[in-house]
Amino acid sequence: MRTPMGLRLERPKAACLILGMVLTTAACASDGGGGSSGLPPTPTPTPAPTPAPTPAPTPAPTPAPTPAPTPAPTPAPTPTPAPTPAPTPAPTPAPTPAPTPTPTPTTPSSGSTEYQRSYGLAAIQASAAFGQGGTGQGITVAVIDSGVFANPPDLTGAISADSTDIISSRGQPNGTDQHATFVAGVIASRFNGQGTIGVAYDSTILNIRADTPGSCGTTSSSGDSQSSCKFDDANIASGINYAVAHGARIINLSVGGSTPSSTAFQTALSQAVAAGVVVTVASGNDGNANPDYPALYAVDPRYQGSVLTVGATDENNAITSYSNRAGSAAAGYVVAPGDNLITNCDGTNCWQISGTSFSSPMAAGALALLLQAFPNLSGKQAIAILEQTADDLGAPGVDSVYGNGLIDLNKAFQPIGAMSVPQSATRVSEAVAVAGTNVSTAFGDAFVRTQALTTVGFDSFGRMFKVDLASGLPTGRPTLVSGGVTPAMQETGVAMGGKGFSLSFTAGAAMPDLDPLRGTARLVQQQQDRADLDLQIDAGHFSFQAWQGQNGMAPSPDLAAASNAFASLAHPTRAVRAAYRFAGLTISTEMGASSRQSFFDYAELQPSSYAMTSVGFARGRWALAGSIGRLDEPEGPLGSLIPGQTSFSMPASTNFATLHADFAALSWLTLSGEGSVGRTRAQSTFLNLATPLISSSWRLTARTQCTGPRGDCTHFELDLAQPVRVEQGRFWALLADVPEAYGDPLYFSRRTFSAAPDGRELDLRLGMDRSWSGLGLLQLQFVTARDAGNYAGQPLSLGVLANWRTRF
């Protein structure tokens, strides 16, 4: 024989602990922990039921909530219930606009009274599942118990017509003990504007009465209504068989005992598991280190993965004193709220209940939500999801008290593992984005605004989710004053020369390092000081320069990579330049590359590189230069960072051309202008270019020459620039359309979207350098940017930098 595993009490004193999974004796002791109380009627519909309000006023010790509990489960309705203002005074709340009396929302809100009446829903994050369409509709949960009462208001429409009494000679599915009604209410109380809500509020309850005839409905000497129902293994086994035969996906067993179950029970359980049915079982209320039977079957190899043992937690998410711990069943054990839950409301009264009998149906309801929302899931997979996504309580990992932890439906309704995105009926790719991935600001808001990359993906459990691939490709935002002030340098070097020949070698190091994240320094695992080496040789008409830097050190200003809009995107750490000058012409070639760097612990980045050839001409007050070059970026176009080992990998190459002009307008004023245009090709698993990207960059500068006495110098510079921006080009991708209903066939479409942003960043910079002999150098920068990052509509950005350095 087995007993229910719930705690119930009519009054807040004298709690009744119904020993779960124990070969039953008579009723339970009068001093257990927790309980269920019939809350007295109060003027407002459904009285504040939480802390067993006004417990004393249920004096009339004839509670017997068994007889016809419909009108008012607790008899003798306390002195002041009737004087409620006009019993049912046209309940239309706030009768302002008469039409739309009380538009009942279609989805329960976490702020609604029904949701908040019992803390259990919030504790397991049920609103997250509700918000994603989880209702339990179409899922049948079998409650093998003492028989649900006839027509409980909160369960109207929830009870299956196939409900039965296993004891055919009795033939009465509706019991005389409320235990089963409480269990069913925790699972499936309807979202009907009154009472409270079940975890799977739209599921169907298959009520299977299996209590031993004559064992229920006793009353203790204190007047507390207590469940003394007993259950025979053979009847429970028959109930399991009946549940499987009548389409139950989940069976809840809030009963148990201290000894192993009979052969008949084990056979029935094996057949249920073979049919894909899963079982939630209360762990028991003895406060033991291990659960009782059949909860221990959660780790039996015959049933493992199909049986879930559930312990009880309180409002603080702490395991209750009476709940049996995970113990040897830890791998198949979770916890759920079971202490002082509110259920079985009839409009004026609710019951407050406690025990692992009621944490078990919380888990059953959670499984029903998963099976309904994700029809492809098997019951075993649903249990695995609850176990894997449970909040880890107690000792880290699976432990002997909380097992896997507290059920968390928010996590359970999120993708688990790698997301696979179908690209055709036969081709699937993993949508893996690594932390730190970002798209160049040259694309601005192009990826943010598009809906073309919305598709479906499947997690490691094969569950379908709507995904936006663009969210895995965030656009980086530039620092407004990045590089505005160069770091102070310590330099040392040697120089030598003779007729027509000179050689210089310089080594420098930044002190202090003002911006350790400049450039690509954020990618290296080991922070290094900024430093560089620069070798320059001049021999007649020929010159040669070799430079190497580390940790984001800016290239030598003599190199094109220091200023060219496209070459600088390579973030070079080394470069060489050779030039030949004659008759006012300078022909040069330059190449450089970044170094291999470790992208955190994920992968080694492939270095970007550039090569360019320039021709310059100077005469009088004019100097002109034109360049053509190529930029190769294995990790993403135009300065993007998309590691090559991911599905979003987008290696790119850009051919670019630059025209630069300087004009000495006055002896102390030089005007400069530079414009660049690039043509980029790129390709990835998900994205391809329908047309090459055309991008541009330009800069206009006015700078003064040094003025002032020897040793003192004031220098101004005004600079208006547009950083690299994509002007035209389109991406395309072949992706699955989001189906109207889960499980509908997938249809694929070719999506295209513009790679050009809506915004156009314009940077205005005013700089001043002032040096004093003996006092040092003061640098000021005033910066403003419109549409920063090429995001349209961005507020005007303003920045100021000040830097003073001197030597002692």
Could you tell me whether the side chain of [Y] reaches within less than 4.5 Å of the side chain of [X], counting heavy atoms only?
X      : Y      : result
Asp154 : Thr343 : no
Met362 : Thr280 : no
Thr313 : Pro337 : yes
Gln266 : Tyr297 : yes
Tyr119 : Leu341 : yes
Glu315 : Asp339 : no
Ser215 : Phe231 : no
Phe191 : Asp202 : no

Would you name the heavy atoms of [X] and [Y] that are closest together and state the gap between them?
X      : Y      : result
Ala368 : Val141 : CB-CG2, 4.2 Å
Ser357 : Ala282 : N-CB, 3.9 Å
Ser323 : Tyr333 : OG-OH, 3.7 Å
Ser261 : Asp233 : CA-OD2, 3.2 Å
Val148 : Asn174 : O-ND2, 2.9 Å
Val738 : Val456 : CA-CG1, 3.9 Å

Does either side chain, that of [X] or that of [Y], offer a donor lying less than 3.5 Å from an acceptor on the other one?
X      : Y      : answer
Thr356 : Asn285 : yes
Tyr242 : Asp162 : no
Asn376 : Tyr742 : yes
Ser258 : Asp292 : no
Asn344 : Thr181 : no
Ser254 : His179 : no

Set out, in order, the CA-CA distance, both residues' side-chain angles and the distance that settles salt bridge (charged side-chain N to carboxylate O under 4.0 Å, His left out) for Asp211 and Arg209, then state yes or no. CA-CA 6 Å; Asp211 56 282; Arg209 185 177 180 187; 2.8 Å; yes

Quick check: Phe465 with Phe374 (ring centres under 6.0 Å apart)?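 Between Phe374 and Phe465, the centre distance is under 6.0 Å.
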
Measure the acute angle between the ring planes of Trp351 and Phe182, then classify it against the limits of 30° and 60° as parallel, tilted or perpendicular.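 Geometry flag for Phe182 against Trp351: tilted rings.
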
Are any side-chain N or O atoms of [X] and backbone N or O atoms of [Y], one a donor and one an acceptor, separated by less than 3.5 Å?
X      : Y      : result
Ser163 : Ile208 : no
Asp459 : Ile416 : yes
Thr204 : Ser160 : no
Ser359 : Gly311 : yes
Asp408 : Asn410 : yes
Asp744 : Ala741 : yes
Ser146 : Ala180 : yes
Glu387 : Asn404 : no
Glu114 : Gly193 : yes
Arg190 : Ala188 : yes

Please determine which of Val273, Thr267, Leu269 meets the side chain to side chain contact (heavy atoms under 4.5 Å, CB included) test together with Gln271.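 Among the candidates, only Thr267 passes.
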
Straight-line distance of [X] [atom1] to [Y] [atom2], nearest 0.5 Å:
X      : Y      : atom1 : atom2 : answer
Asn207 : Asp165 : CG    : CG    : 9.0 Å
Tyr201 : Gln137 : OH    : CD    : 9.0 Å
Lys411 : Leu386 : NZ    : CG    : 12.5 Å
Asn252 : Phe358 : CG    : CZ    : 10.0 Å
Asn324 : Asp286 : CG    : CG    : 5.0 Å
Ile167 : Ser238 : CD1   : OG    : 8.0 Å

For atom CD of Gln132, is the number of surrounding heavy atoms from other residues, nucleotides or ligands below 6.0 Å larger than 12?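 Yes.
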
With side-chain contact (heavy atoms from CB on, under 4.5 Å) as the criterion, how do Leu377 and Arg463 come out once you've worked through the C-alpha distance, each side chain's angles and the decisive distance to 0.1 Å? CA-CA 7 Å; Leu377 283 181; Arg463 295 183 295 171; 3.8 Å; yes

Using the side-chain contact (heavy atoms from CB on, under 4.5 Å) rule, take Ile197 and Arg117 through it: C-alpha gap first, then chi angles, then the decisive distance, then the call. CA-CA 9 Å; Ile197 311 170; Arg117 188 158 279 127; over 6 Å; no

Please evaluate residues Ile144 and Leu206 with respect to the criterion side-chain contact (heavy atoms from CB on, under 4.5 Å), reporting the C-alpha separation (whole Å), side-chain torsions for both, the decisive distance (0.1 Å), and the verdict. CA-CA 8 Å; Ile144 302 175; Leu206 180 61; over 6 Å; no

Under the side-chain contact (heavy atoms from CB on, under 4.5 Å) criterion, do Ile319 and Arg325 qualify, and how do the steps go? CA-CA 8 Å; Ile319 197 163; Arg325 275 47 178 167; 3.5 Å; yes

